Amino acid sequence: MSKAANAAKEVLDYLNRQNRPYSAQDVFQNMGKELGKTAVVKALEELSQSKRIKEKVYGKQKVYVADQAQFPEVNENEIKAMDQQVNTLTQQIQTEQEETRKLEADLRNYASALTTEEAKAECEKTRKQIEVLKAKISRLKEGTVLVSKEDRDKVLQRRNFCVKEWRKRKRMSNDIINAIMEGYPKTKKQLMEEIGIETDEEHKVQPPQI
């Protein structure tokens, strides 16, 4: 059998099996591109000319379908029964797909959960943290000093330095603003708004005592 005859046979068998209308491109792609595009087109044209398949033209598009005369007639009741079966199977597929999605979600949750050994290790880690915190609370209740004198003095020194800087910079800012006000035609509030300065008083804060 020649390549052309073999291609025609394969295309004819495919159209008869599927019994659906296809374009040449559809046949080429659906057959897994085993045959070349040119071979498929030639096979369809040959089969159409020999009346072994039907060709329908829609504008520039050609569609090919198996010759329906070779198939036995199906009565109306059988068609309705098959339609009903299709609907039933479609609903069944939808139900199975929904169940599959739920099972996949459960599987993802289980996969991200801790293993038994990991959970035990996490519990042991948490238990130790609780013991440490309980001991700390107990020392605090007993009045035990948890901060050394050196650490406390360092914190106080840093705090006093920051308070002095705060007061110093606030005084310098006020001196500069007062100097500007001597030649400024508007009010002090308007000057502050134009410059974009926010005061401690606006935020209801003031430097603490040292």
Side-chain angles (χ1 to χ4, degrees), residues 1-133 193-198 203:
M1 183 181 293
S2 66
K3 288 185 178 180
N6 185 61
K9 181 180 184 304
E10 289 187 28
V11 170
L12 178 61
D13 290 343
Y14 175 77
L15 289 177
N16 286 337
R17 284 197 310 272
Q18 300 299 320
N19 195 20
R20 292 179 59 183
Y22 289 116
S23 66
Q25 181 66 25
D26 292 334
V27 176
F28 171 62
Q29 291 183 330
N30 294 348
M31 292 184 69
K33 301 180 181 180
E34 295 177 0
L35 302 175
K37 178 71 175 294
T38 302
V40 169
V41 172
K42 288 183 177 180
L44 289 169
E45 290 177 350
E46 178 190 334
L47 292 169
S48 174
Q49 291 172 1
S50 62
K51 307 298 183 182
R52 284 182 286 176
I53 63 172
K54 298 296 184 181
E55 177 186 284
K56 301 290 184 180
V57 180
Y58 300 96
K60 296 181 180 180
Q61 180 76 26
K62 290 183 178 181
V63 175
Y64 302 91
V65 66
D67 183 4
Q68 299 301 300
Q70 64 181 311
F71 299 114
E73 292 186 5
V74 181
N75 63 44
E76 192 67 25
N77 291 333
E78 288 180 346
I79 293 176
K80 289 181 179 179
M82 285 188 287
D83 287 341
Q84 182 60 43
Q85 185 178 12
V86 169
N87 291 333
T88 301
L89 292 174
T90 300
Q91 293 175 0
Q92 184 178 347
I93 290 172
Q94 291 174 346
T95 301
E96 295 293 338
Q97 287 176 337
E98 182 63 28
E99 184 64 24
T100 299
R101 283 192 290 268
K102 291 180 180 178
L103 291 174
E104 288 175 344
D106 290 341
L107 181 60
R108 286 193 295 270
N109 291 333
Y110 290 136
S112 61
L114 296 176
T115 64
T116 302
E117 293 303 319
E118 289 172 339
K120 287 180 179 179
E122 191 66 25
C123 286
E124 181 62 19
K125 178 181 175 181
T126 304
R127 186 189 64 77
K128 290 180 179 179
Q129 290 175 341
I130 291 172
E131 293 300 324
V132 171
L133 292 174
E193 289 177 352
E194 288 184 9
I195 298 176
I197 295 178
E198 297 181 359
H203 294 280

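This chain uses plain numbering: 1 for the first residue, then up along the sequence. None of these values were measured; they are calculated from a predicted model.
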Residue list, side-chain contact (heavy atoms from CB on, under 4.5 Å) with [X], at least two apart or on another chain:
X      : answer
Gln94  : Thr90
Asn19  : Ala66, Gln68, Phe71
Leu103 : Glu99

Contact list for residues 11-25, test salt bridge (Lys or Arg N to Asp or Glu O under 4.0 Å), sequence neighbours left out: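 Those involving residues 11-25 are Lys9-Asp13.
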Using the salt bridge (Lys or Arg N to Asp or Glu O under 4.0 Å) rule, collect all pairs that involve residues 35-50, keeping only residues at least two apart or in two chains.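 Every salt bridge (Lys or Arg N to Asp or Glu O under 4.0 Å) pair that includes a residue of residues 35-50, provided the two are not neighbours, is Glu46-Arg52.
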Please name the pair of heavy atoms, one in [X] and one in [Y], separated by the smallest distance, quoted to 0.1 Å.
X      : Y      : answer
Ile53  : Val65  : CB-O, 3.5 Å
Ala8   : Leu47  : O-CD1, 3.6 Å
Ala113 : Glu118 : O-OE1, 4.4 Å
Leu35  : Phe28  : O-CE1, 3.1 Å
Ala43  : Val11  : CB-CG2, 4.0 Å

If you measure from [atom1] on [X] to [atom2] on [Y], what distance do you get to the nearest 0.5 Å?
X      : Y      : atom1 : atom2 : answer
Ser48  : Lys54  : OG    : NZ    : 8.5 Å
Glu124 : Gln129 : CD    : CD    : 11.0 Å
Asn30  : Tyr22  : CG    : OH    : 5.5 Å
Leu15  : Met31  : CG    : CE    : 8.0 Å
Glu10  : Leu12  : CD    : CG    : 11.0 Å

Evaluate salt bridge (charged side-chain N to carboxylate O under 4.0 Å, His left out) for Arg101 paired with Glu104, printing each intermediate quantity in order. CA-CA 5 Å; Arg101 283 192 290 268; Glu104 288 175 344; over 6 Å; no
How far apart are the C-alpha atoms of Lys128 and Lys125, what are their side-chain angles, what is the distance that settles it, and do they pass the side-chain contact (heavy atoms from CB on, under 4.5 Å) test? CA-CA 5 Å; Lys128 290 180 179 179; Lys125 178 181 175 181; 6.0 Å; no
Answer yes or no: is there a donor N or O on one side and an acceptor on the other, between the side chain of Gln70 and the main chain of Asp67, under 3.5 Å?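 Yes, because the side chain of Gln70 sits within donor-acceptor range (under 3.5 Å) of the backbone of Asp67.
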For residues 77-88, tabulate all N or O donor-acceptor pairs below 3.5 Å that involve a side-chain atom, not counting sequence neighbours.
unit_1: Asn87; atom_1: ND2; unit_2: Asp83; atom_2: O; d: 3.3
unit_1: Thr88; atom_1: OG1; unit_2: Gln84; atom_2: O; d: 2.9

